Asker: 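I am attaching a structure below and will ask some questions about it afterwards.
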Amino acid sequence: MNDRINLSLDQVHDLAFRALNANGMGAEQAEAVARVITQGQRDECHSHGLYRVLGSVRSLRSGKVDGHATPTLSQPAPSIVKVDAHQGFSLLALHSGLPVLVERTRELGVAALVIRNCFHFSALWPEVEAIAEQGLVGLAMTPSHAWVAPAGGNKGVFGTNPLAFAWPRPGGHPFVFDFATSAIARGDIELHARQNKAIPLGWAVDANGEPTTDAQAALAGAMQTFGGHKGSALAAMVELLAGALIGDLTSAESMAFDDGVGAAPFHGELLLAFDPQRFLGDDLALGLQRAEDLFAAITDQGARLPSQRRFEARQRSERDGVWIDRALYQDIQALLA
Ligand code: NDP
Ligand code: PYC
C-alpha cells in the first residue's frame, strides 16, 4: 500500500475544517484555522500543515480553548490596534485585526497589531505575506512554550519564538522570511519522532544536557537556539516585545498555564507594519528599485531568496494537489469518528 495519499487543496481544507468543527470549534474559528493549515500544507511546510490538526484537537479537548470565542478589538493609541482572542485560537483575531492595521499604517506610516489571550500554533509567513499584499512591509513575532535553552545553558527558557518579515515587490511574490529562533521548529522534531528518524546534532540536548540525535530525547530535553548567542538574544527580544511589552504571557508562563495538558501555547503576538509610501514619498519607486537591486545581487550569484522553495511548492500544489503521509491522514480521520 502507498504510504502517502494525494489530496486536492479543497480536500485538505475540508478535512481540517471537519476535524476541528467535530471537536468543538465553531465554524468561524474553524474556517480561519483550516485556511492557514491548508496554506501550510500547500507550501509544503509539513510541520505547520495538516499535522497541526492533531495538536489543535488536543488543545480543544483539553478544555482550555474557547472554540466559540469572538475576538474584540480596541485601539489604545492611534498606532496600536489590539485584538483580544478571549482564549480562542489566534487566527480569527488576526483576521479581524488585519484590515484595521492596514488602515492605521496607511494613515500613520507605522502601526502595530497586538493579539492577546490566544492559543497559537501557526506559521507566521501567511500573516506577513498578507501585509505585503497591501503594499506594506510586515514584521511578526510570537513566543511559544519554554522548550529552548539560552546559549550556554541547557534548560528551556525561551519558546521557539518565530520571527517573520515581508517586503512587497511590485509585480511578484514578496520577499519573505519566517524562521524559529531555535535551530528548528519544534514541529519538525515532533515529525522526526513520529517517523523514528534521527535529528542532526545542534538541534537539542537531552534531559541530562547532553547533545542528542534522538528526537524523543530532544523533546524531553531542551532545544538549542540557532546561531548560538545571536539566536538566544533574538529569542529574548521576542519574549520582551511579544510578551512583556504587550502584557501577555512569556513562553515560561505559557508552559506553566498549560500545566502538562499538551495544548497549543497560550500567549500573544505582535505584528508591525510600515508604509513605504509614507517613508519614501516621491522616492517610492526609487526605494523599491533599490530593494530589487539588493535581491538581484543575491540571486545573480546563484543564492536563493528565502521563501523561493515555498512559492515553487505552492505552484506545484495548486496544480497537482498535495501528498500527505497516510498515517497522518488516518490519525486525522480518527478524530472525526
Ligand atoms: P526553516 O529553518 O526551515 O526556514 C526558515 C526560513 O528560511 C524560511 O523563510 C525558508 O524559506 C528560509 N530558508 C531555508 N533555507 C534557505 C536557503 N538555503 N536559502 C535561503 N533561505 C532559506 O524554518 P524553521 O524550522 O525555523 O521554522 C519553520 C516554521 O515554523 C516557520 O514558518 C515558523 O513560523 C513556524 N514556527 C511557528 C511557531 C509558533 O509559535 N507559531 C514556533 C516556531 C516555528 P523556504 O520556506 O522557501 O525554504
Ligand atoms: O513548531 O516550534 C514549533 C511551534 C510552536 C508553536 C507552534 N509551532
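Just so you know, these numbers use all the heavy atoms, side chains as well, and skip hydrogens, waters and symmetry mates. For ligands, and for the atoms within them, numbers begin at 1 and follow the listed sequence. Predicted, not measured: the structure shown is a model, and the values here were computed from it.
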Asker: Where the closest heavy atom to atom 27 (O) of ligand 1 is concerned, which of Pro306, Ala180, Ala183 has it?
Answerer: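 Shortest heavy-atom distance from atom 27 (O) of ligand 1: Ala180.
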Asker: Report yes if the side chains of Gln29 and Leu20 come closer than 4.5 Å at any heavy-atom pair, otherwise no.
Answerer: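 Result no, sub-4.5 Å side-chain heavy-atom pair not found.
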Asker: Between Glu318 and Arg314, is there a side-chain N and carboxylate O pair less than 4.0 Å apart?
Answerer: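 Arg314 and Glu318: not salt-bridged.
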Asker: Would you kindly say whether Ser254 and His267 are connected by a side-chain donor-acceptor distance under 3.5 Å?
Answerer: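 Note: Ser254 and His267 side chains miss the donor-acceptor criterion.
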Asker: Atom 30 (O) of ligand 1: which of His267, Met141, His48 has the nearest heavy atom?
Answerer: His48
Asker: Quick one: nearest non-hydrogen protein atom to atom 3 (O) of ligand 1, plus distance?
Answerer: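 Here the closest protein heavy atom is Ile184 CD1, 4.9 Å.
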Asker: Do any non-hydrogen protein atoms sit less than 4.0 Å from atom 7 (O) of ligand 1?
Answerer: no
Asker: Number the atoms of ligand 2 from 1 as they appear, then name those within less than 4.0 Å of a heavy atom of Phe121, with their elements.
Answerer: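 Under 4.0 Å from Phe121, ligand 2 has these atoms: 7 (C), 8 (N).
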Asker: Please work out, at 4.0 Å between heavy atoms, whether the side chain, the backbone, both, or neither of Phe311 comes within that distance of ligand 1.
Answerer: neither
Asker: In this structure, does ligand 2 have an atom that sits under 4.0 Å from one of the heavy atoms of Glu190?
Answerer: no
Asker: Considering the heavy atoms of Thr160, write down every atom of ligand 2 situated less than 4.0 Å from one of them.
Answerer: 2 (O), 3 (C), 4 (C), 5 (C)
Asker: With heavy-atom distances below 4.0 Å as the criterion, list the atoms of ligand 2 near Trp147.
Answerer: 5 (C)
Asker: At under 4.0 Å between heavy atoms, is it the side chain or the backbone of Cys45 that contacts ligand 1, or both, or neither?
Answerer: neither
Asker: Report yes if some heavy atom in the side chain of Leu305 is under 4.5 Å from a heavy atom in the side chain of Phe295; otherwise report no.
Answerer: yes
Asker: Scan residues 185-219 for pairs that pass ring-ring contact (aromatic ring centres under 6.0 Å, His included), counting only residues two or more places apart or in two chains.
Answerer: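 Residue pairs passing ring-ring contact (aromatic ring centres under 6.0 Å, His included), neighbours aside: His192-Trp203.
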Asker: Verify the neighbour count for atom CD of Gln11: are there more than 12 heavy atoms of other residues, nucleotides or ligands below 6.0 Å?
Answerer: yes
Asker: Can you confirm if the NZ or CZ of Lys64 lies within 45° of the ring axis of Phe257 and under 6.0 Å from the centre of its six-membered ring?
Answerer: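 Yes.
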Asker: To which residues is Leu108 joined in a hydrophobic cluster, defined by side-chain heavy-atom contacts under 4.5 Å among Ile, Leu, Val, Met, Phe, Trp and Tyr, whether direct or through other members?
Answerer: none
Asker: Under 4.0 Å, heavy-atom basis, I'd like to know which part of His145 is in contact with ligand 2: side chain, backbone, both or neither.
Answerer: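 None of His145 does.
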Asker: I'd like to know if Glu107 pairs up with Arg104 as an ion pair, taking the criterion as any Lys NZ or Arg NE/NH1/NH2 lying under 4.0 Å from an Asp or Glu carboxylate oxygen.
Answerer: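 Salt bridge between Glu107 and Arg104, a charged N being under 4.0 Å from a carboxylate O: yes.
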Asker: Using the benzene-type ring in the case of Trp, are the ring centres of Phe121 and Phe119 under 6.0 Å apart?
Answerer: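 Phe121 vs Phe119: aromatic centres not under 6.0 Å.
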Asker: Name the closest protein heavy atom to atom 10 (C) of ligand 1, giving the residue it belongs to and the distance to 0.1 Å.
Answerer: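 Heavy-atom neighbour on the protein nearest atom 10 (C) of ligand 1: Ser307 N, 4.2 Å.
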Asker: Considering Arg310, Arg309, Gln308, Arg304, which one's heavy-atom position lies nearest to atom 15 (N) of ligand 1?
Answerer: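 Minimum heavy-atom distance to atom 15 (N) of ligand 1 goes to Arg304.
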Asker: Are any of the heavy atoms in Ala164 under 4.0 Å away from ligand 1?
Answerer: no
Asker: Relative to ligand 2, is Met223 under 4.0 angstrom through side chain, backbone, both or neither, heavy atoms considered?
Answerer: neither
